[in-house]
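Read the structure below first, then the notes.
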Amino acid sequence: MTWMIGMDEAGYGPNLGPFVMTVVACRVPDDCADRNLWGLLEKAVRRGGRDDGRLHVDDSKVVYSSTRGLAGLERAVLSLFHDALGGLTDLSGLVQRLCLPPHELGGEAWYTGGSALPAQSPPHDLAPLADRLRTACAEVGVGPWRARSVVTCPPRFNALLDTHPSKSAVLADAFATLLRCALELADGGEPVRFHVDKHGGRNAYAAQLQDALGEGTVVATVEGMARSCYRVLGLGRPVELTFQPRADAEHFCVALASMTAKYVRELLMGELNQFWQRHVPGLKPTAGYPSDAGRFFEEIRPAAQKLGIAGSAIWRRK
């Protein structure tokens with residue numbers, strides 16, 4: 001058996017709200033390690049096309065929009081991880097099970113964790129979807145599914161900017177944490193294959209990987225615009241990592257990581273907006289991106305001052 005691991009993020013570009021990076025791990029038979037999981041699990045999942053009852057798994061930007069809402073993300077995330085996340089009733093339960101500590105949310109004035117889950121999907125719909133997926137996975141020997149997320153709130157985001165020359169330090173920090181976590185999730189000493197969405201235009205990752213792992217020897221096999229590939233020697237099992245642009249379009253686990261990260265961020269942004277709307281009547285919600293973040297920040301500034309919340313605890317500088 002081989003562990004397939006995907007990693008992606010949501011919320012790197014905004015000025016408001018948390019940044020979320022997620023890793024998804026799945027165990028597959030060795031002879032399926034090079035096969036398309038969308039094809040293997042086609043009885044239960046689809047990548048595109050019309051809604052036919054199967055779970056839609058794709059880049060989060062394809063599955064989610066502000067007009068469609070969270071239902072598509074939610075159905076896939078809570079069904080694929082039903083065994084680990086089943087029985088959730090609120091956001092705090094999701095955070096406790098999915099997000100690695102310290103997630104810093106306890107220090108955010110807007111976070112309560114009280115948002116009800118599922119947020120937009122009828123609860124009775126999820127169990128049949130999870131059962132259908134479980135059957136499809138069992139037929140081809142795929143599973144279990146595991147996931148973890150790192151949540152970086154503005155104070156830590158800005159602190160990383162203070163001590164590093166570029167914003168990419170935020171990506172590197174979350175990536176290092178999840179890389180080590182993923183190797184623990186992929187237990188049993190079996191081979192591990194990572195697929196990661198490229199971090200901007202960067203092509204060289206060997207030094208970053210070596211620093212994050214702290215053991216083994218990282219060997220680059222390919223480094224270029226199309227992909228950068230690495231092997232890690234000395235960990236007692238084969239470990240390979242591939243970084244490529246739009247990895248979520250090619251690798252199921254990366255797409256699912258993208259969706260999970262987006263789902264978590266949107267739930268958290270819901271609580272952020274609700275908090276400030278309670279303090280600023282008539283306030284229009286925001287997604288936190290630069291096109292709208294300045295407007296929102298200026299409108300909440302007087303309330304933030306009254307509450308004693310510093311601007312640096314709200315506004316991400318880059």
Side-chain angles (χ1 to χ4, degrees), residues 8-22 60-61 64-66 69-70 90-92 94-96 98-115 119 149-178 199-200 202 258 260-318:
D8 207 350
E9 50 81 15
Y12 185 54
N15 293 111
L16 299 173
F19 164 73
V20 183
M21 185 178 283
T22 297
S60 62
K61 297 179 183 65
Y64 169 84
S65 73
S66 57
L70 283 175
D90 58 26
L91 177 56
S92 66
L94 178 68
V95 168
Q96 289 170 11
L98 186 65
C99 301
L100 292 173
H103 50 65
E104 306 158 358
L105 287 167
E108 294 295 302
W110 51 264
Y111 175 72
T112 69
S115 300
S149 295
V150 165
V151 177
T152 304
C153 294
R156 176 163 175 77
F157 195 102
N158 289 331
L160 287 166
L161 295 180
D162 288 339
T163 55
H164 294 82
S166 75
K167 182 180 173 181
S168 63
V170 178
L171 290 172
D173 181 73
F175 173 78
T177 299
L178 287 175
H199 298 169
R202 183 173 185 167
S258 170
T260 304
K262 183 65 173 176
Y263 180 60
V264 172
R265 175 172 159 82
E266 289 303 314
L267 290 171
L268 294 173
M269 287 301 295
E271 292 213 343
L272 183 150
N273 278 300
Q274 290 165 18
F275 173 83
W276 289 112
Q277 286 172 324
R278 289 195 295 271
H279 291 279
V280 183
L283 178 68
K284 181 182 176 181
T286 185
Y289 286 87
S291 60
D292 183 60
R295 181 273 309 173
F296 188 91
F297 185 59
E298 287 304 315
E299 291 183 17
I300 68 170
R301 190 192 295 271
Q305 291 174 345
K306 289 181 181 179
L307 293 168
I309 302 174
S312 60
I314 302 170
W315 184 263
R316 288 160 37 177
R317 294 197 305 273
K318 293 183 181 180

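Side chains included, hydrogens not; waters and symmetry mates left out as well; all remaining heavy atoms used.
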So do the side chains of Phe157 and Lys167 get within less than 4.5 Å of each other, counting heavy atoms only? yes
Those residues that, when tested against His164, pass ring pair (Phe, Tyr, Trp, His ring centres under 6.0 Å) (two or more places apart): none
Taking the side chain as everything from C-beta on, heavy atoms only, tell me whether Val20 gets closer than 4.5 Å to Thr260. no
Flag, side chain of Arg202 to backbone of Ser168, donor-acceptor distance under 3.5 Å: no
Between Leu16 and Met269, the two heavy atoms sitting closest are O-SD, 4.2 Å
Taking all atoms of both residues into account, what is the closest heavy-atom pair of Glu9 and Leu171, and its distance? CG-CD2, 4.1 Å
Step by step, work out the side-chain contact (heavy atoms from CB on, under 4.5 Å) result for Leu283 and Phe296. CA-CA 8 Å; Leu283 178 68; Phe296 188 91; 3.4 Å; yes
Shortest non-hydrogen separation from Ser258 to Asp8 and the atoms involved: CB-OD2, 3.3 Å
A side-chain contact here means heavy atoms from C-beta on lying under 4.5 Å apart; do Arg295 and Lys284 qualify? yes
Kindly give the heavy-atom pair with the smallest separation between Gly288 and Ala293, and that separation in Å. O-CB, 3.6 Å
Close side-chain approach of Leu160 to Phe19, heavy-atom, < 4.5 Å: no
Has the side chain of Arg316 got a donor or acceptor atom that lies under 3.5 Å from a matching backbone atom of Tyr12? yes
Is the closest side-chain heavy-atom distance between Phe275 and Leu307 below 4.5 Å? yes
Taking the side chain as every heavy atom from C-beta outward, state whether Tyr263 and Thr22 have any atom pair closer than 4.5 Å. no
Taking C-beta and beyond as the side chain, do Ile314 and Glu108 meet within less than 4.5 Å on heavy atoms? no
Salt-bridged, Arg156 to Asp173, with N to O below 4.0 Å? yes
As an exercise, state the distance from CZ of Arg301 to CH2 of Trp315, rounded to the nearest 0.5 Å. 9.0 Å
Check whether Glu271 reaches the backbone of Gly114 with its side chain - one donor and one acceptor, N or O, closer than 3.5 Å. yes
Below 4.5 Å, heavy atoms only, C-beta onward: do Leu178 and Leu100 meet side chain to side chain? yes
Can you tell me how far CG of Leu272 sits from SG of Cys153, rounded to the nearest 0.5 angstrom? 9.5 Å
Looking only at heavy atoms, the pair that brings Gly311 and Phe297 closest together is CA-CZ, 4.0 Å
Using atom types as modelled and distance alone, determine if a side-chain donor or acceptor of Asn158 lies under 3.5 Å from a backbone N or O of Arg317. yes
Which pair of heavy atoms, one from Ser149 and one from Val264, lies closest together, and at what distance? OG-CG2, 4.5 Å
Say whether, by atom type as modelled, one donor and one acceptor occur between the side chain of Asn273 and the main chain of Thr286 under 3.5 angstrom. yes
